[in-house]
Number of protein chains: 2
Amino acid sequence: MSSPCAQHQHVHRLIQQPLTELTEKLRRGARKVTAPRQAILDVLRKHASPLTNKEIHAALGKEDCDLATIYRNMHTLELLGLVRRYDFGDGAARFELSAEEGSSHHHHLVCTRCRLIVEVDECFPEEFQSAIASRHGFTQVQHRLEFTGWCPKCQSR
Amino acid sequence: MSSPCAQHQHVHRLIQQPLTELTEKLRRGARKVTAPRQAILDVLRKHASPLTNKEIHAALGKEDCDLATIYRNMHTLELLGLVRRYDFGDGAARFELSAEEGSSHHHHLVCTRCRLIVEVDECFPEEFQSAIASRHGFTQVQHRLEFTGWCPKCQSR
DNA sequence: CTATTTGCAAACGATTTGCAAAACA
DNA sequence: TGTTTTGCAAATCGTTTGCAAATAG
C-alpha cells in the first residue's frame with residue numbers, strides 16, 4: 001500500500017483508478033466529488049474488512065481530512081448506497097463498500113463473553129430475502145447476520 | 001454451562017414471585033437477587049420488543065434505580081444468558097429476555113433512510129446454525145438477523 | 001460478617017453540530 | 001457565482017468507572 005501522492009493542496013488532478021463508477025453515483029446523488037470523498041472510497045477499496053471511522057482516518061495518511069468530515073461523509077455514502085454500515089457490538093460503527101462495489105460478503109460468529117470473532121460462510125437464503133423485500137415493498141435490501149454464543153474457552157465460565 | 005443437567009435443590013428462602021426461574025439462574029451464577037435486578041427483569045417480561053437502558057430506566061417507576069446500575073446489570077444479565085442484546089444501528093443497545101425466557105423470536109427490516117422498522121417472520125435455518133455452532137465448538141448460539149433497505153416512501157429520494 | 005452491589009459524580013469515547021472559510025459545479 | 005463541503009472546536013449522547021455507603025447471603 002503506497003501513496004505516491006503529493007501533499008494535498010489545491011492541486012489535485014482527478015486521479016487514476018476506476019473510481020469512475022463511484023464518482024458517477026456521487027454525481028447522480030447531486031454530491032460533489034471532493035478530495036476527502038475520493039480518499040475515503042479509495043481506502044475502503046483497499047480493505048477487505050469493515051473499518052471504523054477512526055481507522056479510515058488513520059489510513060488516509062497524506063490525503064488526511066478532519067474526522068468530522070469522515071463521519072459526515074460516511075452518512076452520505078451510506079445514504080447513496082455506496083457503503084454498508086456494520087455494528088459488531090464494540091461501540092464503533094464500521095464500513096465497507098457495498099456488495100455491488102466489490103466487497104466480499106460474509107458474516108460473523110461472536111463470543112458474547114470474550115468477544116472472539118470467527119468468520120462464517122453460511123448466508124441467508126436469497127429466495128427468502130427477495131420474498132421479504134417484495135412483500136414489504138422494499139428495494140436495495142441487504143441483510144446483517146451475526147451469530148453469538150459462547151466459544152469453547154468461555155463455556156465453563 | 002458445564003453441567004446440562006440441573007439438580008433440584010431444597011435451598012429456597014425468598015422465592016415469592018414468579019421470578020423463580022430467573023432468580024434461580026442469578027443464584028447459580030453466584031449473583032445476588034437485588035431489587036434493581038428483579039425490577040429490570042420484571043420490566044423486560046412485560047415488553048415484547050427490545051428496550052434501551054434508558055427506556056428500561058424510565059419504565060422502572062417506583063422501583064427506580066440508577067441508570068449506571070442498569071448498565072451494569074444488563075452486562076451481568078447478558079453474561080448469564082438471561083437477556084439478549086440488540087443493536088438496531090441507532091446508537092443505543094437494546095435488550096429483551098432470551099428466547100428461553102419466553103420472548104418471541106423475530107427479526108427486523110429497517111429502512112436505512114427513514115428508520116422505518118418492520119417485523120419479519122423468516123428466520124435463519126436451524127440446521128445451518130447448528131452446523132456453524134458445532135463446527136466452531138460454540139454453544140448457546142443464537143443469531144442476530146436484520147434486513148436493511150429502502151422502504152417504499154424513500155425509494156425516490 | 002464479607003463479598004457484592006448500588007448511587008453519585010466524574011470520566012470517556014464515539015458521533016454530531018454550529019459557523020466561517022474553502023472548494024466544487 | 002451559488003451551493004455544498006470542510007476544518008475546528010464545542011457540544012451531545014450512550015456507556016463506563018472510581019469510591020464510599022448500603023445490602024444480600
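Order of the sequence lines fixes the chain letters, A, B, ..., with proteins taken first and strands second; residue numbering starts at 1 for each chain.
- Between C/dT4 and B/Thr34, no contact under 4.0 Å exists linking OP1 or OP2 to a side-chain N or O.
- Side-chain contact check for B/Arg85 versus B/His75: some heavy-atom pair is nearer than 4.5 Å.
- Ranked by how close their nearest DNA chain C nucleotide is to the 5' end, A/Thr52 and B/Leu67 are led by B/Leu67.
- Across all strands, B/Ala35 comes closer than 4.0 Å to no nucleic acid atom at all (heavy-atom distances).
- For the pair A/Asn73 CG and D/dT6 C1', the interatomic distance rounds to 9 Å; values are reported in whole Å.
- Regarding contacts with the backbone of D/dG7, a side-chain N or O of A/Thr69 is found under 4.0 angstrom from either OP1 or OP2.
- Between A/Gln38 atom CD and D/dT5 atom P the separation is 14 Å, expressed in whole Å.
- At whole-Å resolution of the value, NE2 in B/His57 and C1' in D/dG14 are 14 Å apart.
- With rounding to whole Å, A/Arg85 atom CZ is found 14 Å from C/dA14 atom P.
- Toward the 5' end of DNA chain C, the nearer of the two residues A/Asn53 and A/Arg72, judged by each one's closest nucleotide, is A/Asn53.
- When the P atom of D/dG14 is taken as reference, atom CG of A/Asp87 falls 15 Å away, rounded to whole Å.
- The shortest distance between the side-chain N/O atoms of B/Tyr71 and the OP1/OP2 oxygens of D/dT15 is below 4.0 Å.
- A donor-acceptor contact shorter than 3.5 Å is absent between the side chain of A/Glu146 and the backbone of B/Arg144.
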query = Can you list the steps and then say if A/Leu51 with A/Arg94 is a side chain to side chain contact (heavy atoms under 4.5 Å, CB included)?
reply = CA-CA 5 Å; A/Leu51 300 178; A/Arg94 286 160 194 282; 6.0 Å; no

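- The nearest heavy atom of DNA chain D to B/Asp66 and to A/Asp66 marks one nucleotide each, and the one closer to the 5' end goes with A/Asp66.
- No donor-acceptor pair closer than 3.5 Å links the side chain of B/Arg37 to the backbone N or O of B/Asn73.
- Here D/dT5 presents its C1' atom at 14 Å from CD1 of A/Ile70, a figure rounded to the nearest Å.
- Contact annotation for A/Ala68: base contact, defined as any heavy-atom pair under 4.0 Å involving a base atom.
- Between B/Phe95 atom CZ and D/dG14 atom C1' the separation is 11 Å, expressed in whole Å.
- Residue A/Lys54 has a polar side-chain atom (N or O) positioned under 4.0 Å from OP1 or OP2 of C/dA14.
- Residue B/Met74 is tested with B/Leu79, B/Ile40, B/Leu82, B/Thr52 for a side chain to side chain contact (heavy atoms under 4.5 Å, CB included); the sole match is B/Ile40.
- A/His75 comes within 4.0 angstrom of sugar-phosphate atoms only, judged by non-hydrogen atoms across all strands, and of no base.
- If you take CZ of A/Arg37 and P of D/dG7, they are 11 Å apart, rounded to a whole angstrom.
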